[in-house]
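To keep things clear, I will list the structure first and then write my remarks on it.
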Amino acid sequence: MKKVNLRLKGMSCASCANKIEQAIKNTPGVKECNVNFAMETSTVNYNPQIANVEKIQKAVADAGYSAEPIEELSFDREDAEQRVREAEEKKLKRKVLFGGFISILLVVGSIPAMTGLHLPLIPGWLHNSWVQLVLSTPVMFWSGKSFFVGAIKAFKHRAADMNTLVALGTGAAYLYSLGATFYPGFLLSQGLQPEVYYEAAVVIITLILLGRLLENRAKGQTSEAIRKLMGLQARTARVIRNGEEIDLPVEELKVGDVILVRPGEKIPVDGEIIAGSSTVDESMVTGEPIPVKKQAKDEVIGATINKTGSFRFKAKRVGKDTVLAQIVKLVQDAQASKAPIQKIADRVTGWFVPVVIAIAISTFVIWFNATGNLTLATITTVGVLIIACPCALGLATPTSIVVGTGKGAENGILIKGADSLELAHKIQTIVLDKTGTITQGKPTVTNYITVAGTANSKEIKLLSLIAALEQNSEHPIAEAIVNYARSQGVKKPFPEVKNFEAVAGMGIRGIVNDRSLQIGTQRWMDSLGIDTQILERERQIWERDAKTTSWIAVNGKIAGLIAIADPLKLSSPEAIRALQRMKIEVVMLTGDNQQTAEAIAREVGINKVFAEVRPDRKAHIVKELQARRKVVAMVGDGINDAPALAQADVGIAIGTGTDVAIAASDITLISGDLRSIVTAIKLSKATIENIRQNLFFAFIYNTAGIPIAAGVLYPIFGWLLNPIIAGAAMAFSSVSVVTNALRLRNFQSSIR
């Protein structure tokens, strides 16, 4: 499967978005499609052997719209899109100002007809229907041109959308007024007053355009997170080529370029230091405010800030492969995704416009048959057409998702999709991996003893064998043991290792200097029939102190014991207490032995522990917890956590962990701080609450507005909804939904 992101043009309402989505989904080879009305984008997953981008674009074109693939993020593209937005906004603003000026003249000129009052301050020529015709026509067919063009285009494709409703409503008012202007005698002969409604048509168009202008401005603010992230990147880099320093745009950098960074400058791309040293502010990625020391062979991340020294580094990842670009891509994908809660609105908008047109026709027929009053029938019909708008329904969910995911990125929480954001607030059980999640993931050797005693030469000799075997493993404990061996004087090259094997969840083994060596858990030693009683006392003491122990066996006999401690993250106890206050069950999962696991659990306040769990059993335990009908989240950072992360309802990866774990997760915590889990859950709750508010107001608005516009209150109270008021209500319904979504920008991360 391949994925393409498309920029859509021509949408005017949620019905358009629904029509485009169905057109793309019906294209052979397309597996999945999400159209985001708020962002005017679409994400399409398709089989490249059956479909391609051109076929998808044709499907969109056949539906009456256009689509262009979204190119890789760059400053040039972002600036170009910003210029297009500004140009469209200026054009819209001119139309609103012109329409507003004409609206004032027409409304003032209509006061005598509407109130029966003839005010001396109002020029007599403004009362004239011919003058009103001349004034209103430019507004109808210049300011309101897009509505009529859109309606005609929709009609050609046998569809109807918001343009159809506005064009029918304002067109009906204008044509009725035209008839009253040209043929007043005919209306009088039919017992009807030749009243004109030019001002209603003009004011409605102006108000809807004003609403669209305000809506576009508000929608622009929803994607502020992307612009902030883009703003973090350096625009230029000082590159050393052919012995000369030259400044190049970051888009022109290549892998392998040597780049010079001076104090106070942003690091342009990801790479590895080859000369010099400094401290780097990595708070953009890690959230940690304290600058990190960097020297030769250390990795640096693009968009972080060099603080004190100068250094040269070799570019390893550029363009779309940098950490920042990946973060932006994740946020973009999340904003373009669709939450399950949106399905309600999608079902409604799918049939909304045709039903409204049917109601409008029924309204006209009923009132005209009941009263014979053409004016009454026209006013109610126009009111129904104008007040009904599916835009608020279409904007209710995506605007909140866009702001919510953007706010998550600001807080170091990358949410892969809207479904993950929606589900996070339902979490009932959180399973925490120990190493690298609750702890720092930087184990160090604290104790080492051999059966032969404490004779230094014996210890060093055995330690060289251990280091030789451990250097073949990528486990953090193996790295800690190798570092310890080197600190104790064991020098490279280590002895040669033959038949190396890593036994998942147990340990490692191999042949070193013709000796069979096993290093691992007591359970493994027991299964191999190796007696561990000789150092049992030391094991118990060390494990009571929350240390992990590894047994060393040589030729089938215990030769030594080593203890490793992995310090807790300072934030872990606080985060776990906060989760428990939220009535969320917290569980710890580890491959460590029971005694060490329980000691660490006591330190952080966890009551339920699964210890000595093999990697292949982690996903099974998550499944067992789900069998209790619990919504389960798994938090981990290692390759062996990936199956459990994928099995969980919500997989949460530590950003400092492996790429495999991050790929298998739904949410990534960039900094690795567990307090971000609390923030993610609270952000999910705030976002879903915001969506529910938007949907409630959108449904209530249409449910109440359409019957009132149809005149259900007229027989009882003699009250009709003025089409101008209907236009104002429709215009500002969408604005109110987007404005409510923007309140999420005030979300504050707190674990209290």
Side-chain angles (χ1 to χ4, degrees), residues 1-71 146-168 212 219 332-333 335-358 388-399 401-402 417-419 734:
M1 302 302 294
K2 290 186 71 175
K3 183 168 76 171
V4 63
N5 293 319
L6 302 172
R7 175 75 62 198
L8 303 173
K9 292 183 179 179
M11 289 195 299
S12 62
C13 65
S15 291
C16 300
N18 189 64
K19 187 164 63 168
I20 293 172
E21 188 169 293
Q22 292 305 315
I24 295 175
K25 283 181 176 178
N26 291 335
T27 304
V30 171
K31 180 185 178 185
E32 187 180 7
C33 169
N34 286 324
V35 172
N36 189 314
F37 174 52
M39 298 291 290
E40 298 181 335
T41 59
S42 175
T43 302
V44 185
N45 290 316
Y46 65 96
N47 185 339
Q49 294 179 340
I50 303 173
N52 55 41
V53 175
E54 289 73 23
K55 287 182 179 179
I56 295 169
Q57 287 178 288
K58 186 178 184 302
V60 176
D62 290 344
Y65 307 90
S66 64
E68 291 295 332
I70 297 176
E71 299 172 3
S146 61
F147 299 119
F148 295 98
V149 170
I152 292 168
K153 191 182 291 185
F155 177 75
K156 286 180 179 178
H157 289 86
R158 299 179 182 179
D161 55 21
M162 174 191 162
N163 290 320
T164 307
L165 298 179
V166 176
L168 285 174
R212 187 171 286 182
K219 282 161 67 177
Q332 273 190 319
D333 288 347
Q335 292 182 341
S337 63
K338 185 174 290 188
I341 197 173
Q342 191 174 338
K343 292 177 182 176
I344 304 169
D346 286 348
R347 283 196 292 268
V348 173
T349 53
W351 49 258
F352 187 89
V353 173
V355 168
V356 168
I357 292 174
C389 176
C391 291
L393 282 171
L395 291 167
T397 301
T399 48
I401 293 295
V402 168
D419 51 347
S734 298

Excluding sequence neighbours, so at least two apart, what forms side-chain hydrogen bond (donor to acceptor under 3.5 Å, both in side chains) with [X]?
X     : value
Gln57 : none
Lys9  : none
Lys58 : Asp62
Asn26 : none

For [X], enumerate each residue passing the side chain to side chain contact (heavy atoms under 4.5 Å, CB included) test, keeping only those at least two apart in sequence or located in another chain.
X      : result
Ala167 : Phe148, Ala151
Ala51  : Tyr46
Ile50  : Pro28, Asn47
Val149 : Lys145

### Query
Do other residues, nucleotides or ligands put more than 12 heavy atoms under 6.0 Å from Glu54 CD?
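Check passes, neighbour count above 12.
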### Message
For Ile20 and Ser42: C-alpha separation, side-chain torsions, deciding distance, then whether side chain to side chain contact (heavy atoms under 4.5 Å, CB included) applies.
### Response
CA-CA 9 Å; Ile20 293 172; Ser42 175; 5.6 Å; no
### Message
For Val4 versus Pro69, what's the shortest heavy-atom pair and its separation?
### Response
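Scanning both residues, the minimum pair turns out to be CG2-CB, 4.4 Å.
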### Query
Under the salt bridge (charged side-chain N to carboxylate O under 4.0 Å, His left out) rule, what pairs show up with a residue in residues 13-37, not counting sequence neighbours?
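Sorted result for residues 13-37: Glu21-Lys25, Glu21-Lys338.
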### Residues that Lys55 engages under salt bridge (Lys or Arg N to Asp or Glu O under 4.0 Å), provided they are two or more places apart
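Listed in chain order: nothing, the list is empty.
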### Task
Given side chain to side chain contact (heavy atoms under 4.5 Å, CB included), test Val402 with Asn36 step by step and report yes or no.
CA-CA 10 Å; Val402 168; Asn36 189 314; 4.2 Å; yes
### Query
About how many Å separate CG of Asn45 and CD1 of Ile24, when rounded to the nearest 0.5 Å?
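Ile24 CD1 to Asn45 CG: 11.5 Å, rounded to 0.5 Å.
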### Query
So how far is it from Met11 CE to Ser66 OG, rounded to the nearest 0.5 Å?
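Here the interatomic distance stands at 10.0 Å.
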### Query
Hey, mind stepping through Arg7 and Thr41 against side chain to side chain contact (heavy atoms under 4.5 Å, CB included) and telling me if it holds?
CA-CA 5 Å; Arg7 175 75 62 198; Thr41 59; 3.2 Å; yes
### Query
What residue among Val35, Thr43, Ile56 forms side chain to side chain contact (heavy atoms under 4.5 Å, CB included) with Leu6?
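Of the listed options, the one satisfying the test is Ile56.
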